[in-house]
There are 2 protein chains.
Amino acid sequence: MGVFSKTCEYGIRAVLFIAHKTASGGRVGIKEIATGIDSPEHFLAKILQDLSRKGLVQSAKGPNGGFYLDGKALRRPLSEVVEAIDGDGLFTGCALGLKQCSEINPCPLHNQFKLIRTEIQDLLQNAEIGTFNNELALGIRSLKR
Amino acid sequence: MGVFSKTCEYGIRAVLFIAHKTASGGRVGIKEIATGIDSPEHFLAKILQDLSRKGLVQSAKGPNGGFYLDGKALRRPLSEVVEAIDGDGLFTGCALGLKQCSEINPCPLHNQFKLIRTEIQDLLQNAEIGTFNNELALGIRSLKR
DNA sequence: GAAATAAAAGAGTTTTTTATCTTTTATTAA
DNA sequence: TTAATAAAAGATAAAAAACTCTTTTATTTC
Ligand code: FES
Ligand code: FES
């Protein structure tokens with residue numbers, strides 16, 4: 001079990017792939033994305049439909065259609081993708097599953113865990129989708145295998 | 001979605017509860033544990049059966065029976081409970097679900113994520129099950145709600 | 001050795017997650 | 001205005017996780 005759901009892993013990878021592939025304009029189709037991030041095509045389609053409804057990715061039907069990101073979407077932090085798919089449980093929830101993480105009724109791991117939780121949140125909040133394009137273009141970061 | 005599976009959350013809470021309740025000898029029954037950590041009784045039974053087979057908790061049948069921890073079990077780090085239930089994916093897996101986390105083929109989050117992953121591992125490796133007994137006895141740490 | 005106790009084991013069910021397949025709608029371009 | 005393209009939507013299906021219920025086995029105590 002990772003920190004993100006499979007759905008969220010695919011979602012993040014897809015968003016980064018779209019940003020990279022459409023950096024110089026144009027769109028990229030679901031088939032190419034699925035292949036590019038090594039994910040099940042139709043499952044990914046569902047994920048992107050959802051992200052599209054929420055405005056986190058843009059899409060166009062028909063010939064020359066496909067997915068892309070507008071300027072605003074490119075500047076969004078990855079934390080928004082995570083929240084859209086997995087919710088904010090990773091950022092606010094208790095490590096041991098107490099209904100409510102709090103200082104008043106803390107679990108044994110609370111003090112240390114909340115620091116780590118915040119680091120994860122910071123990492124994702126400071127990671128703008130578009131900022132990975134360079135490294136992806138250089139081939140020094142991977143989205144598959 | 002949290003960092004641990006529900007099964008693992010229950011497992012950790014149960015182990016800490018057993019340690020606390022049997023600190024001065026004796027055993028504690030499944031009913032009391034389930035109530036004490038607010039978990040489904042029969043589901044928890046399965047989890048403890050598994051941990052018992054793996055030697056992470058001890059048990060005795062019959063009157064005055066129940067679960068307890070021997071000296072060795074009390075000194076085990078929580079990381080062993082986590083590994084027994086969820087495996088080592090949390091400690092070694094890729095944040096974005098690449099088959100293999102590596103320096104050669106790193107995902108965009110690799111550099112930052114591996115630091116956080118290590119912090120989680122350190123936290124759990126340095127958390128001996130028995131060390132929480134004091135705070136639990138004082139009531140300043142909770143295992144339910 | 002019979003009755004009571006409590007965990008272990010077995011055999012499910014339900015819910016959620018992950019994945020697949022088909023049909024519909026929108027858009028483009030010839 | 002027809003054909004081609006590509007995403008959206010709908011409808012299932014498979015697998016895994018979470019949870020429940022019943023029966024069996026081991027142990028104790030009387
Ligand atoms: S109460 Fe468990 S992490 Fe805060
Ligand atoms: S490759 Fe993704 S975390 Fe290491």
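Just so it is clear, the model here is predicted, and its values are computed rather than measured. Each chain gets a letter, A, B and so on, in the order the sequences are listed, and its residues count up from 1.
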(message) For a 4.5 angstrom cut-off between non-hydrogen side-chain atoms, does A:Leu123 reach A:Leu78?
(response) no

(request) To the nearest Å, give me how far apart NZ (A:Lys31) and P (C:dT20) are. (result) 14 Å

(request) Mind calculating the distance between CD1 (B:Ile85) and C1' (D:dA18) to the nearest angstrom? (result) 14 Å

(message) How many whole angstroms separate atom CZ of B:Phe67 from atom P of D:dT27?
(response) 14 Å

(message) Do A:Ile85 and A:Ile37 sit in one hydrophobic cluster, given that two such residues count as connected whenever their side-chain heavy atoms are within less than 4.5 Å of each other, even indirectly?
(response) yes

(message) Do A:Leu69 and A:Ile129 make a side-chain contact, defined as non-hydrogen atoms from C-beta onward lying under 4.5 Å apart?
(response) yes

(request) Check the distance between C:dA8's P and B:Gln58's CD and give it to me in whole angstrom. (result) 11 Å

(request) Could you check whether A:Arg27 gets within reach of a base, just the sugar-phosphate, or nothing at all, counting any heavy atom under 4.0 Å? (result) nothing

(message) For B:Asp70, is there any backbone N or O sitting under 3.5 Å from a side-chain donor or acceptor partner on B:Gln58?
(response) yes

(request) Check every atom of C:dA19, D:dA9, C:dA8 against the side chain of A:Tyr10 and return the nucleotide holding the closest atom. (result) C:dA19

Could you write out each protein N or O paired with an N or O of nucleotides 20-25 of chain D at a distance under 3.5 Å?
| from | atom 1 | to | atom 2 | distance (Å) |
| --- | --- | --- | --- | --- |
| D:dT25 | O2 | B:Lys61 | NZ | 3.2 |

(request) For the side chain of A:Gln49, starting at C-beta, report the closest nucleotide among C:dA7, D:dA8, C:dT28. (result) D:dA8

(request) Using only side-chain N and O atoms of A:Ser52, determine if any of them is under 4.0 Å from OP1 or OP2 of D:dA8. (result) yes

(message) Please determine whether residues B:Leu98 and A:Tyr10 belong to a single hydrophobic cluster, defined as Ile, Leu, Val, Met, Phe, Trp and Tyr linked transitively by side-chain heavy-atom distances below 4.5 Å.
(response) no

(message) Could you check whether any side-chain N or O of A:Arg117 sits under 3.5 Å from a backbone N or O of A:Phe91, counting only pairs where one atom can act as donor and the other as acceptor?
(response) yes

(message) On DNA chain C, compare the nucleotides closest to A:Phe4 and B:Ile30; which residue's is nearer the 5' end?
(response) B:Ile30

(request) Return yes if some donor-acceptor pair links the side-chain N/O of B:Arg27 with the main-chain N/O of B:Tyr68 below 3.5 Å, else return no. (result) no

(message) Applying a 4.0 Å non-hydrogen cut-off, can you work out what B:Ala45 is touching in the nucleic acid: base, sugar-phosphate, or nothing?
(response) nothing

(message) Of the options D:dA8, C:dT5, C:dT18, whose atoms approach the side-chain atoms of B:Pro63 most closely?
(response) C:dT5

